[in-house]
Amino acid sequence: MDAQSYNAALTALRGVRDEVKKVRAQLAKLEADRDKRIVQLASYEKAKAERIAPAAGLGVADVVALVPALAPDCLAVKDDPQALELSTPQVTVEFTPPPPKPAAAAPATTTAPTRSTPLPALADTTVPEPPAAPDTPRNLPSIPASTTGDAWFAHTSGLASARPNFTQQARSTVFLDTTTGVLVHRHQTHHLDLGAVSAADILTAVFHTVPEGVERIYITAGDPWHRDADRYPYLRDAVAAWLNAPTPGWRTDTGRGRDRMAGHFVHARNPVGRYQRENGDSHVEIRSVGEWFDLDGDTPHIVRDAFVLLWQALRRHWSDAVLMGSPSQTGRDLWTRTIPTRGQYADGFPVLSEELRGLLHATAGQGRNELITPPRVPEQLPQLVEYDRTFAYAKHTWKSPVGTPRRVTAATFASWSEKEQMRALYGCGHWQVRVTVPDTWNHVGLLPAPAPGDRAWHYPAEPGATFTTWAGGPEIHTALTNPITPWKIEILDGILWEDGKPLDDWAKKLKETWTNLSAQAHFQGDAQQARAAHLASRAVRSILLYGIGAFAQRPRMVTGTTPRALERDVPPDAEIIGFDDELITWQKPTGFARDPNAHPEWSAAIWSAARAALLTQRHREDNTYAGALHTPPGTVIAFRTDALYLTQPQNWPYHHQPGDYLLKGHLTGPLPAPTTEEELLTVRNAGRAALTTARET
């Protein structure tokens, strides 16, 4: 580019800038007009948010935020938990144990996901949270006082996780690279003409090539749902448009049999399209293989081999193992086949009351994702070192909450001896606490606190800061016994279960499968088979990781379309995500109120234990500790679910066991401290590449 073309491009850019300003001003004007009309409609005595929302192209929650009086009865906060907390006298106790002994800096075996991508919206429960203003911290719900809250401590009648009495049916599966058109079906390879790579093109080409029928199409490369991404403001919008584009001869699947998943699942990276023949004789899913593992130019043949190896390895532990559409579905199905046939839970594991499940959904976060920026860290980093906990969640499945939970009020907790208190905090519990950071504290935060935004969390570390939150037993125990100085914790309320092992057998089998496949990947002489074994081992990790997430039973979003002429038929709890002259496209959360495998208490306990292990974890064999609290102040740059980013390398033991800290990246500086997630990922990738190069040379 020469100077003349450069100046011409600048002029053109300024023109685009001015157009953007005009469009934004016009959009703001239209939105203001829309909001004004909504308020006017609300003056009608029979106005309903469910009717106004689709007409406005908004969700019910958005309409209610504008006109709170329109809140449907099912969403109205009749007994505001925060108001109850303020108006009801509570007996609290300040529990500050003596400084820990060096040998007790962490639990003997630290009882602390996906990688975590942000979770879907919360289910509609009896513990609603009012919409929070963008800059206003969220207020977490509390357990209502007296008998109202006590009634929550029961199981849902007639609902329990039971061992299945049927054999899961395998689905006919193909693997398709939409970039090259290569399709692998069993041991056959085909080359398809996919046209514009729409869902209709894929279905037509695949069913023409495999006339006997296919039930699952895994996309290994090409990401066809992103083909028009530049036309939409958000990637998710492009995905929704691709999934809901016309598919002549097909319609959105409505579900069947025991596998009742229906409707499309809109996800920015790994969506699921579910289609059904108009005549109803064929059902097929289009899925991304990225749900199972990350690929690096791998062919459909290698991916097929990876699934075959995975199935064979699982069959050594489950004679009836079947690979389902996603790791979470597979993980949950395999777990149900480990439910004991004798003993206390031979009839299944009862499901908590809907109220307690709702409380856990609202107050138990997943992985810790935090970027620490200057001035808490240097402007220029001497280096960036990445440590990732290997197969981390598998470390924390040996103990989980079981039985009917009991409520532990502040008064009850205060009446216990210190030994009883510590036993309770080390056990399977979920606690509402008031936390005060020590005045001398100079390290990272220890406990999650609600931050502005849907399900957002941060970790206060300012000396003297006080906040109220919910946290699991492993994190509370760590805050009280950390190797630096104990934090001040006041118990306000709590949920306490018996200690059990509902996941232990399942996790052990998956760990053995992972070990076996990892060994195959290491010792296999054939490069293609070694790569397939490696991918299969990563799939086992996903089965456990997302299987644990599935117990939380947070609702997934399904999408659908309704003709414009039938606008009243849009579901009242749906959010409008797009529309044209003919169709309205909407999405809504699926309900899990009667799901027999809803056990958010298990997910919450494992996530809490994993977050605690990022802070401190004891290695018995080496008589040493690892984790953020065992690094000098100011050297922790970030947390990302299972990973720590530091400015100094650590001599932590690594024995290829679940939970061990693996050195995964090392980038020498000086380099600017990352201030955004994008910058962190950029230097992380550079650090991984640099470490790989150093090891090869």
Side-chain angles (χ1 to χ4, degrees), residues 114-117 293-297 367-392 395 441-446 458-459 461 482-484 518 521-522 531 534 537-538 541 610-611 613-619 622 624-697:
T114 350
R115 180 186 65 183
S116 173
T117 53
F293 36 65
D294 294 327
L295 297 181
D296 186 15
R368 178 170 181 168
N369 289 285
E370 180 185 21
L371 176 62
I372 302 172
T373 58
R376 292 179 60 189
V377 298
E379 294 276 358
Q380 293 290 316
L381 307 181
Q383 52 193 322
L384 187 78
V385 188
E386 178 188 8
Y387 286 95
D388 186 73
R389 296 186 66 228
T390 298
F391 205 13
K395 172 82 171 177
W441 191 256
N442 64 348
H443 219 295
V444 298
L446 303 187
H458 67 147
Y459 294 80
N482 73 80
I484 300 174
S518 297
H522 182 73
R531 178 62 179 169
H534 171 73
S537 71
R538 299 297 291 172
R541 173 187 176 276
R611 291 193 299 267
L614 279 176
L615 298 170
T616 178
Q617 173 177 276
R618 185 181 180 189
H619 291 262
D622 304 276
T624 189
Y625 294 87
L629 294 181
H630 302 280
T631 66
T635 60
V636 179
I637 301 301
F639 298 86
R640 276 185 65 80
T641 308
D642 301 329
L644 270 178
Y645 298 85
L646 310 172
T647 62
Q648 297 178 4
Q650 304 295 317
N651 189 29
W652 292 336
Y654 185 74
H655 302 298
H656 301 274
Q657 295 298 312
D660 286 358
Y661 280 90
L662 170 67
L663 177 62
K664 202 166 185 178
H666 191 172
L667 185 64
T668 56
L671 61 146
T675 57
T676 65
E677 182 180 21
E678 184 178 1
E679 292 176 359
L680 174 66
L681 295 179
T682 298
V683 295
R684 178 201 69 178
N685 294 341
R688 291 180 178 179
L691 182 63
T692 299
T693 301
R695 286 172 172 168
E696 290 175 349
T697 56

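Heavy-atom basis, side chains included; hydrogens, waters and symmetry copies ignored.
V444 and A628 get closest at one heavy-atom pair: CG2-CB, 4.4 Å. When all heavy atoms are compared, the tightest approach of Y645 to R688 is OH-NH2, 4.5 Å. The two residues D388 and A643 make their nearest non-hydrogen contact at OD1-CB, 3.6 Å. Here the shortest heavy-atom pairing between R541 and F391 reads CA-CE1, 3.4 Å. Heavy atoms only, all atoms of each residue included: D622 and H655 are closest at OD2-NE2, 2.9 Å. The heavy-atom pair separating P658 from K395 by the smallest distance is O-CD, 3.5 Å.
Put simply, the side chain of Q650 does not reach to within 4.5 Å of the side chain of V385, judged on heavy atoms. Counting heavy atoms from C-beta on, the side chains of L615 and R368 come closer than 4.5 Å.
Taking R684 as the reference, nothing meets the salt bridge (charged side-chain N to carboxylate O under 4.0 Å, His left out) condition, with sequence neighbours excluded. With sequence neighbours excluded, no residue satisfies ring pair (Phe, Tyr, Trp, His ring centres under 6.0 Å) with F639. Residues meeting the side chain to side chain donor-acceptor pair (under 3.5 Å) test with T647, sequence neighbours left out: none. Looking at residues two or more places apart in sequence or on another chain, you find no side chain to side chain donor-acceptor pair (under 3.5 Å) involving S518. In this view, H522 satisfies the ring pair (Phe, Tyr, Trp, His ring centres under 6.0 Å) rule with no residue, not counting sequence neighbours. Checked against side chain to side chain donor-acceptor pair (under 3.5 Å), N442 has no partners two or more places apart in sequence or in another chain. Here R376 pairs with nothing under the salt bridge (charged side-chain N to carboxylate O under 4.0 Å, His left out) rule; sequence neighbours left out.
In this structure a side-chain-to-backbone donor-acceptor pair under 3.5 Å is missing from Q648 to T635.
Applying the ring pair (Phe, Tyr, Trp, His ring centres under 6.0 Å) rule to pairs touching residues 670-689 yields nothing, sequence neighbours excluded. Within the structure, no pair that satisfies the ring pair (Phe, Tyr, Trp, His ring centres under 6.0 Å) test touches residues 668-696, not counting sequence neighbours. Pairs engaging residues 624-634 under the salt bridge (Lys or Arg N to Asp or Glu O under 4.0 Å) rule: none recorded [sequence neighbours left out]. For the ring pair (Phe, Tyr, Trp, His ring centres under 6.0 Å) condition, the pairs that include at least one residue of residues 661-686, sequence neighbours left out, are W652-Y661.
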Only distances under 3.5 Å count here; give the side-chain donor-acceptor pairs of residues 670-681 to other protein atoms, sequence neighbours excluded, each with its distance to 0.1 Å.
from, atom 1, to, atom 2, distance (Å)
T675, OG1, E679, OE1, 3.0
T676, OG1, E679, N, 3.1
E677, OE2, R640, NH1, 2.6
E679, OE1, T675, N, 2.7

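Side-chain polar atoms of N482 and H443 form no donor-acceptor pair below 3.5 angstrom. With no hydrogens or angles considered, a side-chain donor-acceptor pair links T616 and H630 at under 3.5 Å.
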